[in-house]
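I have placed the structure first, in the form of structure tokens, so that the comments after it can refer back to it.
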Amino acid sequence: MPPTTPEQPLPPPRPRLRSRTVAAWTAACALALLLIGLAAQWAAMREANFQADSIRRAMEVHVLGLRDAAGKYSYLPFTAGIHPEVLAALAHPQDAAVKQRANLYIEEVNRQAGSDALYLIDLNGLTLAASNWATPQSFVGESYANRPYFIDARAGRSGLFYGVGQTTGEPGLFISAPIRSDAGAVLGVVTVKVSLRQLQEAWTFVRDPILLTDARGIVFLSSVPSWLYQTTRALGAAEVEGVRRDQQYGARTGFPLLPWKVERDEGQPGYLVRTNLEGKPRRFLAVDEPLPDLGWTLTVMADHAEVTRARERTWMLGLLAAGVLLLGGLYWQLRERRFAEQRDARRDLELRVRERTHALDEAHAFRKAMEDSLLVGMRARDLEGRIVYVNPAFCEMTGYDADELLGRLPPYPYWHPSDVTEHWRHYEAMMSGQPARSGFESRLRHRDGHEVITMVYTAPLIDADGRHSGWMSSVVDITEQKRAELRQRQNDEQLQHAQRLASLGEMASTLAHELNQPLMALSNFASAAKAFAEQGNQALLVSSLDETMAQAQRSAEIVRRIRGFVRQRTVGTEDCAVAALVTNTLALLQGEMRQRGVRAEVRVPATLPPVRGDRVLLEQVLLNLLSNSLQAMQSTPPAQRVVEIEAEVVDARMRIRIADHGPGIDAALAEQVFAPFFTTKAGGLGLGLNICRTIVEAHRGDLFFADRPGGGTVFTLVLEISSTP
């Protein structure tokens, strides 16, 4: 093979050798993961066995403590029962002096022994003497015939029973023994009560849970208070009845299951318990130890997280070792490749430099062409506010060449003289690092004097090293857009004005009739006043003149309402009372309503908050909706020609409903109701409802309709409530 020259490319690696290398590395990684997994499983089992051994050692200590608590006082009932004072109390239960001596003796024995209570019971279960005879919770006179420890002792056996005291309500361990005569007959029972409170308090300092259950599986001692009187299994009806009969746990008859999820594995010591402690999910390894002599089961737990951590540590160490070996192998392989790559790099360096230089030239040319072709003006300023870059679009927008703008500090020559204060405000906001994120509108003065309205967006300018070096602004010419918006706004106003004139045209005859009535009344009252003046009737003359003035004011009010509704230029946005809007609109329609025989039912409380909007435009919406309702009921029987107007506040917005009793709107036409130039009236323009929706949406409201139950249509107008108090 000829030697490789710098101009010749190296021969590609053989595919077969490369595939073998990949396969070898894959197999090595798979084997390493398998070995790490086996080691992790071994570590977890080792930690679990260690925990089980720790639990058993701790369990031996706890079992000794329990048996010590139970056996420490087991002698006391028997020894106290053979004392003469106790036997005398059983022989003479009615003799108060004998019973008092028994009380004093039992009290002294209990004090020296350190037990909670010691008491004597006759064969009927009635307490004759007790160590607490002088306390408010004395056992003397109480019956314990239902308690299992009494039943066992009366039958001649020693009794052992844990439960809640019937008299004191305090739990404890009850140990009883029968009192026998010389012939062996049972004469009575002596019982000692021992508190396991110290054991319970000692358990509270244990890190992991410990609990003690009775023969039924009910937890009566636990280092977790919330587990008390819960069960490890569901109790049958007979078992619950036995607990209630014995009053073992007081008046409590409900024993829910422990909030455990138990997992048992044959290869694992003990069993796993999943539960929640203090609001956190926990896993414990639990081991049970039956105590047949006491009838209890002791359960000791250990945090299973240690087993998980042992597995995780093994995985971490194994992966770390595998990673070190992998890195060593890769380093050796890379070292071999590096020499070959260095030869290739020297050969390709010159070629890449030429390619990069050419690419940079092309990128620069492309960027320059792109910037020159942009219609958006671009302007960059440094941290001192000096202009450092402008593109051709910005120069065309302002009329100044780039050479005239570069290096300039504010005030800039294109600032509009009337807006200098506003320009300074935006400039200072930018320099303080708080430019308007959503952009702002700015008016510029072109070099030839005409105005240019722009939208300016400013963002930080970051250099190649990531440092803030200035500000870049995008300037968009929106002059034509603003002119188009002005023309559109003027067209909308003309269209709304035309609709108001069209609405008044429809009411023209009615309005003429409305004006004719007060004018005729004026003539009649003037004639009457003249006659009363000739007769010298002063009282009737004054009355006629008063009526004349009232009719004149009525005519003026009608004309004022019409002029206010017809005018093209409105007052603008203001707080409008809903009741006043409805009243003014009904006043304009009063004549037409009388002519059509329609009456209005208005349910608009005067206490409603005002709405924010243009009063004339909102009255135009109400007038159009009410006019449509009047026309819709022209075929309705006269007695049912009622238009209902109601208003209320729903979800912090004003809802005004206008309902008629007409035929309703055909479902096939429902989607076209608000379309422009759509109408079902002869000679109608089809713009009324379209203009109404346009006005309402301009007020950030909503307008929609629905069928009225019983026939007719309900139009709903939703408006914003004024925030002014």
Side-chain angles (χ1 to χ4, degrees), residues 499-518 554 557-558 561-562 565 578-606 608 618-648 654-670 672-674 678-693 696 703-718:
Q499 177 62 26
R500 288 201 295 274
L501 292 177
S503 299
L504 287 176
E506 294 178 1
M507 297 188 298
S509 61
T510 304
L511 291 172
H513 178 71
E514 286 294 303
L515 286 172
N516 188 48
Q517 285 184 346
R554 178 184 173 191
E557 179 64 19
I558 293 173
R561 291 183 183 277
I562 294 172
F565 183 73
V578 179
L581 293 174
V582 174
T583 301
N584 293 341
T585 307
L586 290 176
L588 289 172
L589 292 171
Q590 187 175 8
E592 185 175 352
M593 292 175 64
R594 281 200 300 268
Q595 183 178 349
R596 294 180 180 273
V598 178
R599 58 187 177 87
E601 291 184 358
V602 181
R603 292 184 288 275
V604 181
L608 287 177
L618 293 179
E619 288 180 0
Q620 180 176 349
V621 173
L622 293 175
L623 178 68
N624 203 321
L625 296 178
L626 286 170
S627 296
N628 289 346
S629 297
L630 299 181
Q631 295 169 8
M633 292 188 292
Q634 60 185 359
S635 300
T636 303
Q640 300 178 11
R641 294 178 186 175
V642 179
V643 59
E644 302 171 4
I645 307 169
E646 60 180 11
E648 62 177 341
M654 183 67 66
R655 286 182 177 259
I656 304 174
R657 299 184 183 89
I658 299 175
D660 60 52
H661 292 251
I665 297 176
D666 191 351
L669 305 177
Q672 307 178 53
V673 168
F674 293 104
F678 173 78
T679 181
T680 58
K681 296 187 293 185
L685 296 177
L687 294 174
L689 288 176
N690 179 261
I691 291 175
C692 288
R693 172 169 279 187
V696 172
L703 177 63
F704 54 90
F705 70 91
D707 293 335
R708 178 186 175 278
T713 306
V714 180
F715 276 86
T716 302
L717 174 61
V718 182

Just wondering, do Leu717 and Leu622 contact through their side chains at under 4.5 Å, heavy atoms?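 SC-SC contact between Leu622 and Leu717 confirmed.
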So which heavy atom on [X] is nearest to which on [Y], and how close?
X: Ala647; Y: Pro605; answer: O-CD, 3.7 Å
X: Pro663; Y: Ala632; answer: CD-O, 3.2 Å
X: Val621; Y: Cys692; answer: CA-SG, 3.9 Å
X: Met633; Y: Gly662; answer: CG-N, 3.7 Å

Side chain to side chain donor-acceptor pair (under 3.5 Å) partner of His661, chosen from Gln640, Arg641, Glu644: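 The single option meeting the side chain to side chain donor-acceptor pair (under 3.5 Å) with His661 is Glu644.
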Rounded distance [0.5 Å steps], [atom1] in [X] versus [atom2] in [Y]:
X: Leu581; Y: Leu623; atom1: CG; atom2: CG; answer: 12.0 Å
X: Asp660; Y: Asn628; atom1: CG; atom2: CG; answer: 9.0 Å
X: Asn584; Y: Leu618; atom1: CG; atom2: CG; answer: 11.5 Å
X: Phe705; Y: Leu625; atom1: CZ; atom2: CG; answer: 12.0 Å
X: Ile645; Y: Leu586; atom1: CD1; atom2: CG; answer: 4.5 Å

Arg599: which residues meet the side chain to side chain donor-acceptor pair (under 3.5 Å) condition with it, sequence neighbours left out?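 Expected list: Glu601.
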Pair Arg603 + Glu648: basic N to acidic O under 4.0 Å: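 Answer for the salt bridge query: no.
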Using the rule given for side-chain contact (heavy atoms from CB on, under 4.5 Å), can you reason through Thr713 versus Arg708, listing the C-alpha separation, both sets of side-chain angles and the distance that settles it, and then say yes or no? CA-CA 5 Å; Thr713 306; Arg708 178 186 175 278; 5.8 Å; no
